[in-house]
Amino acid sequence: MKIQIAVLLSGRGSNFKAILNAIQTKYIMNAEISLVVSNNIDAPGLVYADVKNIETLYMDKSLYNDRESFDRVIIERLQKKRIDLVCLAGYMMLISPCFVNAFKNRIMNIHPSLLPSFPGLNAQKQALECGVKVAGCTVHFVDDHMDHGPIIAQSVVIIEDNDTEDSLSKRILEEEHRIYPEAVKLFVEKRLLVEGRKVKILGR
Ligand code: GRF
């Protein structure tokens, strides 16, 4: 039985494509993306999932009174599809505690900074403005706080003097496309052990 993955996204979907590509090229074995969820009907990532014949779910936030009732519909669908792993990939909604609890240590996120530095929006801009010499990206399990849970993988990107937000974001994105599939592969191979805030990688 293949590990069932759902991807939640709101935009471009390049990380979704990187994970999908890793599965198709068999870098990740024994897994499939069986659902893509978006709160944005025009998200290029959602359109791409459709083209690839992956089941999609569009969630219109305006139809729900609160975050929890919105999330409960998603949770129900994920459970119905027997989803093992949820990958947030540029998903611009905060997920509620009921979602985190329903998929404890089974929700991953990618963030374009070396957490715990620069959580939240415009992480690359924050790093440039702060004058740090290195930036990067982080894949982590999701907990009740934004950009906060146990860290699975990180990659460092050196900041150059002439970097702009665009040039830095581009180099970080290349690393995102490398470490997100790597983290998913480790999950699929059952090699991630969460102990408090630490994630041990088994068999290294
Ligand atoms: C990425 O930079 C990711 O780190 C952040 O949102 C962006 C999503 O990009 N969470 P994409 O939609 O995967 O291309």
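Both counts, for ligands and for their atoms, begin at 1 and track the order of listing. None of these values were measured; they are calculated from a predicted model.
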| field | salt_bridge(Arg178, Glu174) N-O dist < 4.0 Å | value | no

| note | re atom 8 (C) of ligand 1, the protein heavy-atom contact at minimum distance is Gly90 CA, 3.6 Å

| field | atom 3 (C) of ligand 1: nearest protein contact (heavy atom, Å) | value | Glu176 OE1, 3.2 Å

| said: Check this for me - ligand 1, Asn15, N or O atoms closer than 3.5 angstrom, yes or no? | reply: yes

| task | Decide yes or no on side-chain hydrogen bond (donor to acceptor under 3.5 Å, both in side chains) for Ser69 and Asp66, but give the supporting numbers first. | result | CA-CA 6 Å; Ser69 47; Asp66 52 61; 2.9 Å; yes

| message | Considering non-hydrogen atoms of the protein only, which is the closest contact for atom 12 (O) of ligand 1, and what is the distance? | response | Gly13 N, 2.8 Å

| Heteroatom distance test (Arg12, ligand 1): nitrogen or oxygen, under 3.5 angstrom | yes

| said: Side chains of Asn15 and Glu176 only: does a donor on one sit below 3.5 Å from an acceptor on the other? | reply: yes

| Is Lys80 salt-bridged to Glu76, going by a charged N under 4.0 Å from an acidic O? | no

| task | Write out the residue and atom name of the closest protein heavy atom to atom 10 (N) of ligand 1, then the distance separating them to 0.1 Å. | result | Ile110 O, 3.0 Å

| Any salt bridge between Glu175 and Arg171, counting N to O under 4.0 Å? | no

